[in-house]
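Notes follow the structure.
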Amino acid sequence: MAGLDDVFGELFASVDAVVLFSPSGSYYERFTAVEDLDVIVVGTENAVGAETFVELPLEFENISERIRYGLEGALEQGVIEDGDELACATSVFGDGIDTVSRVRADAETRTGIYDLFVKSRADPEVVKSVLEVAIELGQKGQKGKPVGALFVVGDAGKVMNKSRPLSYNPFEKSHVHVGDPIVNVMLKEFSRLDGAFIISDAGKIVSAYRYLEPSAEGVDIPKGLGARHMAGGAITRDTNAISIVLSESDGLVRAFKAGELILEVDPEAY
Ligand SMILES: Nc1ncnc2c1ncn2[C@@H]1O[C@H](COP(=O)(O)OP(=O)(O)OP(=O)(O)O)[C@@H](O)[C@H]1O
Ligand SMILES: [Mn+2]
């Protein structure tokens, strides 16, 4: 007679690899002890020192997004192949892993998020820090009111050439970098004012209050978004920068690269 093991076992029978999302050390060890099993760890950091590790830029709250982005990174790194069957083990309710999803890797559903972090001109840590600032700003707003903000990251020289100042630049003679706690406070404070922040590949804040003047020709951003998003999208086609935009009107954080919308997250979900 077939038992539960047989029925649920189909979820992980003959998979090409097991993908563990942020496992504990002891949980991971148990998998490495299984013979002939490919184990991939996905997370914001490699806390278990896994041999095969794929870094997530942020801990996606939505499980299907988390899995999708994890597998996209795994595909990009070449640790899995298009069409592979994977048992993805994640935590949905508690601290520990409590759920297994069987997923087939699909190179066609590629979003480009992995490129955004790993293959941009800017340092991945810089991109991650700016995304965090935008998400935090989206959660808290300015004194409780929703705010918008536009961050252009990388290829700063060219971005400066395609923009002009709206006001004096408070970062003119400073050498401050994203990620410094004080800078995060400053960025949030200045976000009340118009224009864009320009940030270098290494994370130096080059300028605030920049009015972007990219050519918007051929840039296709979702309908309903206005000038901030258009400028933010277009500058990434005209230069090798990426941009991260917090919308004052719908509260979402979006990232653009090469003129395309790559990522859309709701700050309230973090
Ligand atoms: N070319 C630009 N460069 C820099 N900042 C801009 C540019 N165009 C607009 N902005 C900034 O975006 C703000 C909002 O503009 P707008 O409402 O048209 O954008 P939006 O895409 O609808 O963004 P939101 O969703 O935040 O309203 C402006 O007040 C200005 O500070
Ligand atoms: Mn608007």
Side-chain angles (χ1 to χ4, degrees), residues 1-107 109-111 113-119 123-133 135-136 139 179 181 263 265-270:
M1 195 186 83
L4 261 186
D5 283 359
D6 297 309
V7 190
F8 278 140
E10 285 174 9
L11 272 179
F12 48 82
S14 62
V15 288
D16 295 291
V18 167
V19 187
L20 304 176
F21 286 75
S22 309
S24 69
S26 56
Y27 198 78
Y28 169 66
E29 294 299 325
R30 284 162 67 193
F31 282 87
T32 55
V34 179
E35 248 174 77
D36 291 329
L37 179 67
D38 278 337
V39 183
I40 299 161
V41 169
V42 177
T44 51
E45 56 180 353
N46 190 0
V48 299
E51 220 169 283
T52 312
F53 173 69
V54 175
E55 185 178 343
L56 279 185
L58 61 166
E59 194 68 64
F60 293 95
E61 283 303 314
N62 178 299
I63 304 305
S64 54
E65 280 187 0
R66 194 190 298 166
I67 291 176
R68 198 149 52 93
Y69 292 131
L71 296 189
E72 187 163 324
L75 274 169
E76 293 280 333
Q77 277 183 31
V79 298
I80 61 171
E81 285 172 16
D82 189 26
D84 277 1
E85 293 280 337
L86 304 153
C88 299
T90 54
S91 160
V92 177
F93 291 100
D95 290 333
I97 285 175
D98 53 21
T99 301
V100 178
S101 305
R102 188 184 182 107
V103 186
R104 179 195 288 265
D106 180 1
T109 59
R110 200 171 168 281
T111 60
I113 191 192
Y114 194 74
D115 274 17
L116 181 72
F117 288 90
V118 179
K119 293 196 192 150
D123 186 335
E125 283 304 312
V126 170
V127 178
K128 198 167 153 177
S129 295
V130 174
L131 185 63
E132 281 164 5
V133 169
I135 286 173
E136 247 179 77
Q139 287 163 344
L263 171 73
V265 293
D266 182 353
E268 297 303 332
Y270 292 89

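Just so you know, these numbers use all the heavy atoms, side chains as well, and skip hydrogens, waters and symmetry mates. Being a predicted model, the structure only gives us computed values, none of them experimental.
- Counting heavy atoms from C-beta on, the side chains of S101 and I67 come closer than 4.5 Å.
- With hydrogens and angles disregarded, no donor-acceptor distance shorter than 3.5 Å links the side chain of S91 to the backbone of D98.
- In this structure, R102 contributes its side chain and V15 its backbone to no donor-acceptor pair below 3.5 Å.
- Going from atom CG of L71 over to atom CZ of R66 covers 12.5 Å, rounded to the nearest 0.5 Å.
- D82 places a side-chain N or O within donor-acceptor distance of the main-chain N or O of A107, the cut-off being under 3.5 Å.
- Inter-residue side-chain proximity for T99 and I63 is flagged as unmet; no heavy-atom pair is nearer than 4.5 Å.
- Using a 4.5 Å cut-off on side-chain heavy atoms (C-beta onward), F12 and V18 make no contact.
- Note that CD1 of I97 and OG1 of T90 are 7.0 Å apart. Values are rounded to the nearest 0.5 Å.
- A donor-acceptor pair is defined here as one N or O able to donate and one able to accept, closer than 3.5 Å; no such pair exists between the side chain of D5 and the backbone of G9.
- Two residues are said to be in side-chain contact when any heavy atoms from C-beta on lie closer than 4.5 Å; L263 and L131 meet this criterion.
- From S129, atom OG reaches atom CD of E132 across 5.5 Å, with rounding to the nearest 0.5 Å.
- One finds the NZ atom of K128 at 13.0 Å from the CG atom of L116 (value rounded to the nearest 0.5 Å).
- Atom CD of E55 and atom CD of E45 lie 9.0 Å apart (nearest 0.5 Å).
- Here the closest heavy-atom approach between residue A50 and residue V41 is recorded as CB-CG2, 3.5 Å.
- In this structure, E76 contributes its side chain and Y114 its backbone to no donor-acceptor pair below 3.5 Å.
- Between the side chain of D16 and the main chain of E85, a donor-acceptor pair closer than 3.5 Å is present.
- More than 12 heavy atoms of other shown residues, nucleotides or ligands fall within 6.0 angstrom of atom CD in E61.
- Surrounding CZ of F8 are at most 12 heavy atoms belonging to other residues, nucleotides or ligands under 6.0 Å away.
- Separation of atoms CG (D38) and CG (D84) is listed at 9.0 Å; rounding is to 0.5 Å.
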